[in-house]
S.K.: 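One structure, pasted below without further comment.
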Amino acid sequence: MSSPTSTPGGRKRNRNDIPATPGSIGSTSPPSQRRRGQDSSNADLPAMPTSPATDIASPTVHDTSLFSSPRRSVLPSEVDMSSPLMYGTPSSRVEGTPRSGANETVLFREECTSTVFDLQTVASEPSVGQKLVIWGTDVNVGTCKEKFQRFLQRFIDPTSNEDENAGLDLNEPLYMQKLEEISVVGEPVLNVNCGHVQSFDADLYRQLICYPQEVIPTFDMAVNELFFERFPDSILEHQIQVRPYNALKTRNMRSLNPEDIDQMITISGMVIRTSQLIPEMQEAFFQCQVCAFSTRVEVDRGRIAEPAVCRHCNTTHSLALIHNRSAFSDKQMIKVQESPDDMPAGQTPHTTVVYAHNDLVDKVQPGDRINITGIYRAVPMRENPRQSNVKSVYKTHIDAIHFRKTDEKRLHGLDEEADQKLFTEERVKTLKELAAKPDVYERLSSALAPSIYEHEDIKKGILLQLFGGTRKDFSQTGRGNFRAEVNILLCGDPGTSKSQLLQYVFNLVPRGQYTSGKGSSAVGLTAYVMKDPETKQLVLQTGALVLSDNGICCIDEFDKMSESTRSVLHEVMEQQTLSIAKAGIICQLNARTSVLAAANPVESQWNPKKTTIENIQLPHTLLSRFDLIFLMLDPQDEAYDRRLAHHLVSLYYQSEEQIEEELLDMAVLKDYIAYARTYINPRLNEEASQALIEAYVDMRKIGSGRGMVSAYPRQLESLIRLAEAHAKVRFSDKVETIDVEEAKRLHREALKQSATDPRTGFVDISILTTGMSATARKRKEEVAQALKKMIQSKGKTPAMKYQQLFDDLRGQSEAAITKDMFEEALRALADEDYLTVTGKTVRLL
Amino acid sequence: MPSSNDWINNPLGVVEEMFVQSNSNPEWEAKVLEYFKGKLKEKQAYSWIPSLNDVPLHYLKPNSLVKFRCLVQDMFDPEFYMGVYETIDPSTKAKVLRFGKYKDVTECGVDLNSRNTVTAERQTFYCVPIPGETLWEAFLNHSHTYARSSQARVVPSTSYIPSRQKRSYEEDDEMDTQPQKQREPHTGGSPQLHANGDSKRQETEAPSGQTTSPSNASSPLDLNFPLPGERGPACLVKVYEDLDSFKLNDMLEVYGILSVNPLLSVLSSLLDPTESMETPEEQRAHDPPASLVPRLHMLHARPLQHNNPLLCMFIYVVSSFMVEMASVRAEFLAYLTHILLGDGLAAEYLLLHLISSVYARRDVLPLGKFTLNLSGCPPNSSFTESLHQVIQELVPCTYRLSMTLHNMNSLRLVPRKDYVANRLVSGALQLARNTSLVLDETRLEQGQLDASGVQNITALGNLISWQKVDYDFNYHQMEFPCNINVFVTSEGRSLLPSDCQVPLQPQVTPPNLEEYLSTVHKAQLTSQINKFRVYLSVAQTLDYSISDEVTKAVEDDFVDMRKDDPQSVSAEDLHRMLVVARLLSLSLGQTSLSREGWMRAKHIDMLRRTRSQPQTTVNGNEP
């Protein structure tokens, strides 16, 4: 019964002063013999009336009903109680008997819970019944089972918001509904959240954590009894297995220590390697070459003792192993590495070996982020008969019971950070205290990148970007998701610490990416398909934008990005998805990322006489997707210089402690943002909506007076997002007027900086939306009209010299006309089908 | 004095004694640490202990106390071991309690079912000698400990002592004149050893010859040194206490019990490969033969702030040395000026660069770094090489990276995690703190950089701008802050970012550059060079502050400068001038900025700027 992976008992538990578990009995009595002994002792086991399993009659049952005696005293007429105890001994199910039919319930179980019950210890005093506990533990099978059944029948969690419970009635016992689901779906696995068990019965939880080897089979037994009582006609592939998850014992690989051995733990990490499937022999089948007598030998700690003598004909060394009649179970080795968030700075990540058995094999792939619940094992280095002294090191691994992918849910569009980031109550309290302060917004914005001087509004903008708006889902009405992420573009003179700001943000957010426009290609930003050299499978490799899903993608040198690269950003920045159609893979990936970009002006220095578009030469289609565009300019004013100098000098001689303080702030800021992002989902209240409407109407009005439009619906959406983000900063569930006011102010500030028409000095949104200010457009039309008039006045000349026409127009016009303007006018007229330009001549049509 | 040396020759005996006395009271562990710490504190105790860096492995007695100056290259997973276990004598059935701490292998007849077994946790660090350690440095460390350690050092048989001793003195003589040969002569001693007939010896002997011999470039086992062409023992250090206090790339002096038990390799080879959870690669990386990579069970570790042995010896004169600072600086400056072909300004900047060090980080901004780009270096000459040789003579650790196209495309600069072998494959940028990295851009020719070349250049750029290296963990990158002085020599302006660019303006044009440099180089007395070495290390570790008054003056100055011409001075310039001012003050031994210091910093910065004016281009080349 003991497999090579099961640690013989609690011999390493002595620190806890717990005597060894009966598992170690394997060392004294070979399992094969023991089983045979049980055969006879349990032959009188009553048939289970309620069980649909037809294998009742097969010897399998008797084989493993280790629990018969104590159970008999507790619950005399019960279901197929033997079956749950067969975990880890799949061998026994093939014992001699052929399968009886389609509706047989096959029994098997992961190796990790391989049966360790000791018949002899448990059964020795059947009369004591209730008080009897499994040796080495304080687990009484009967009470434990009862408790767990009570838990299943009564546990209600009205606050549950786990997505796997979707569609279940929260006011009904949760796990009974799940059992019902099992009866319908037929997947005999019951996942049990240990948190639920703990809140229901702390003692049961403690037993589960400390003695998983004993308690989990008991749970299985309890579930199966309950299940077949309720759904006597169900047919399952095998017995229901209880898979506990979310044990609170350990969260972090780093904190595993010798005390955790043989206990149930949950750790998170990333899969870095999976081995091929390893067939592990459970039972060897030998046949005598002389008389064809067959015998079975069970694996004892990885070894098979080959019978030397045939029991039937007494020939020595006549037995040969028959491979295809031996029993094997699946096993896979998985290497898991600590996730980068969990580890202290300056150290390398730890790895742990995990063994997955049977149906857990191939459930995870390298690169998956998972939570593993399992039993922590330590195995001494193998004793070698030829070697008298051994290495004093144990090999450790985890026998997996349950995998939970943490990144899977990202596909469903829910923020899963709630699972990952747990805040202590204390922390939440400090955060809330901070949020209650009236100047929290200013405090946080000044805590952002303290080494960068001033630029208060830019920092505020970035702060709002870090919080983001509220995610709204209109997919039912067909509009799909609304973008909740705020995009920001910083442009300005070189050397105004744009890159530093980007670096800071990249370091602050958990899922940030930093790329430089110069060095990235469209492929690097999006995703590409490549062939895995080993499996020849096409694999999708994701780029920076997809990787920063739910985070911030910082793109430096935005202006130096190639045209084709930039074009992929269009979809990402509005639809928040990324469509791939390459090498037979057509898919749409989520890229709900905020973009924080930095661009340098084309002429190295910002030209105040030009518009933003002209200065950075970016297509306006892209620019209009940024909620806020800030200019980072050198203000060139004395007071500013003085403050800047002071700031920089103090930066250089601040003491270590002060620096420490700053670091602390960064941690607080991180938590604050994470908390707000997960728990705060502000909604607009009535007043705020009114204020927004007014603000939008006002913005439209400003422009309409001068015959231009100064705001588009996109701007309204930006305002809403910013207002929501500001409400998040305050930890408020409602967006109020003050939030709208601040959003308006910030938006106006950003506009003032970036959308001011240098010719008129007015704010003109059309610079961003159409790439040209309204005055410039008007001007262009005027020139075209003047040109047309001039040509018409010339009478019937089918063709004219280009240069001639230009000189004429210049002579005629009052304002100076550049060649560019002239060409534009020509183009406009050509569009009207009035003329064509071929080389140096202009023909009328 | 055999009794007093017991703790060096037989530390396990000492531990055993304490263990037996303790009567299985867990306090014995603390007592052991206390004892050894106390012993090490004794005067000169450090120097009695043989060092793994200098003494070849085969001359060290197994299970004796040794020390090892090293860099933590990789940290393996923690392992559980039998802290205390019981053995049963098969014949008498007598049970004896034993300890497993500081040992790799248990005694015979372990009772695996004993209730007295205590499982404990330890971690293994893979340590390599400090990369780029210069020869004078190694030599000095060596001679520093040599005289005394030879006495504590254990030799295989008594008859062997005389010849061995003689040999080592010869080495010392050789090294004075030809430091390059320092590590080679050891191989000469080995053939005689085989004659000794000690079979165990031979086992450890043969492979260690491979590690130390330079000719055997393709050693069967990759010892994972960060820099190509490095030699020396790598070591698996087993750490028992304060696991969290150690960080990757820490420089340590480890005091521990040497374990070269050949059983280790035998045991692992006996294990059935299919049974083991590790791949063969992983086994090779984690369980290399003990003869090649010895195990060291740490009793005590001393983190090294700097790696200058001179400073350790001179520690008592630092205060008196401060007085001399100014004069040594003048001499040093003159020396550098000679080397830099009479260019005083460039020499001044090189001096400042050599004493720079990251002293703090403000969010992402490292403070105190001062990357120097010396442009205008004559191409295709050995000038840059000789320059590096000079630097090599001055700083404890340095590495010259010739930025040829081939090197950039083929070298692995950034450490990478190898998941198959489960170890961190080192790269040339895995360097100890304050290592001087000389990038020779004059070697770069036109051509195409491939993907890895671009990555390497990006990594260098990141290193210079942010003083961090992003280690490649395949699925994600991990950022490791570092503190590396980068010095870029180039023909024109470097393609890498730098804090400060100085065009070289040679005042003398010697017909034969090489000869000129070597004569200048040779002209310096060792004592003087030593003074320079101490000077650099002292200046690097001084504290620094700015008074409020000077702050005010600096601010005023900045505002004034901006008033005249706002384009001329930017915030970035102020950043640089503040660093220059700091380094200038420190170079003079002043721990706070004076008004004169600031003016001087401004002055040399002006000089430099007028020099490089024609070459500057502004757009888009900010880091």
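A note on names: the letters A, B, ... follow the listed sequences, proteins ahead of strands, and every chain is numbered from 1. If you're wondering where the values come from, they're calculated on a predicted model, not measured in any experiment.
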S.K.: Which atoms of B:Met75 come close to chain A, meaning under 4.5 Å heavy atom to heavy atom: side chain ones, backbone ones, both, or neither?
M.R.: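 Both parts, heavy atoms under 4.5 Å.
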S.K.: From B:Lys247 NZ over to A:Thr348 OG1, what is the distance, rounded to the nearest 0.5 angstrom?
M.R.: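 If I round to the nearest 0.5 Å, the distance is 12.0 Å.
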S.K.: Do B:Asn422 and A:Thr351 have a side chain donor and acceptor closer than 3.5 Å?
M.R.: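 Short answer, yes.
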S.K.: Answer yes or no: is there a side-chain heavy-atom contact under 4.5 Å between B:Trp466 and A:Gln503?
M.R.: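 Contact flag for B:Trp466/A:Gln503 side chains = yes.
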S.K.: So which of B:Leu243, B:Thr87, B:Leu424, B:Asp77 has the biggest tally of heavy-atom pairs under 4.5 Å with chain A?
M.R.: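 Of the candidates given, the most pairs with chain A belong to B:Asp77.
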S.K.: At a 4.5 Å cut-off on heavy atoms, which part of B:Lys103 comes close to chain A: side chain, backbone, both, or neither?
M.R.: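 Only the backbone of B:Lys103 comes within 4.5 Å of chain A.
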S.K.: When rounded to the nearest 0.5 angstrom, what is the spacing between CD in B:Glu79 and OG1 in A:Thr396?
M.R.: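 The OG1 atom of A:Thr396 is 9.0 Å from CD of B:Glu79, to the nearest 0.5 Å.
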S.K.: Taking side chain as C-beta onward, heavy atoms only, is A:Glu259 less than 4.5 Å from B:Glu121?
M.R.: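 Result no, sub-4.5 Å side-chain heavy-atom pair not found.
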S.K.: If you look at every heavy atom in B:Phe480 and A:Gln347, which pair is closest and at what distance?
M.R.: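 Distance-wise, the nearest heavy atoms are CZ-O, 3.6 Å.
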S.K.: Looking at every non-hydrogen atom in both residues, tell me the closest pair between B:Met82 and A:Tyr394 and how far apart they are.
M.R.: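 Scanning both residues, the minimum pair turns out to be CG-OH, 3.2 Å.
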S.K.: Using non-hydrogen atoms only, which part of B:Lys468 is less than 4.5 Å away from chain A: side chain, backbone, both, or neither?
M.R.: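 The side chain, not the backbone.
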S.K.: Sort B:Phe80 into side chain, backbone, both or neither according to what part of it lies under 4.5 angstrom from a heavy atom of chain A.
M.R.: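 Both parts, heavy atoms under 4.5 Å.
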S.K.: Could you walk me through whether A:Gln337 and B:Phe473 satisfy the side chain to side chain contact (heavy atoms under 4.5 Å, CB included) test, starting with their C-alpha distance in whole Å, then the side-chain angles of each, then the deciding distance to 0.1 Å, before giving a yes or no?
M.R.: CA-CA 10 Å; A:Gln337 182 182 275; B:Phe473 278 80; 4.2 Å; yes
S.K.: Which bit of B:Tyr85 comes within less than 4.5 Å of chain A, counting heavy atoms only: side chain, backbone, both or neither?
M.R.: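 For B:Tyr85, there is no contact with chain A at all, as no heavy atom is under 4.5 Å.
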S.K.: Which of the residues B:Asp556, B:Thr458, B:Asp74, B:Val554 is involved in the greatest number of heavy-atom pairs with chain A at under 4.5 angstrom?
M.R.: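 That would be B:Asp556.
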S.K.: Given heavy-atom pairs under 4.5 angstrom as the criterion, report whether the side chain, backbone, both or neither of A:Val271 touches chain B.
M.R.: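 Backbone only.
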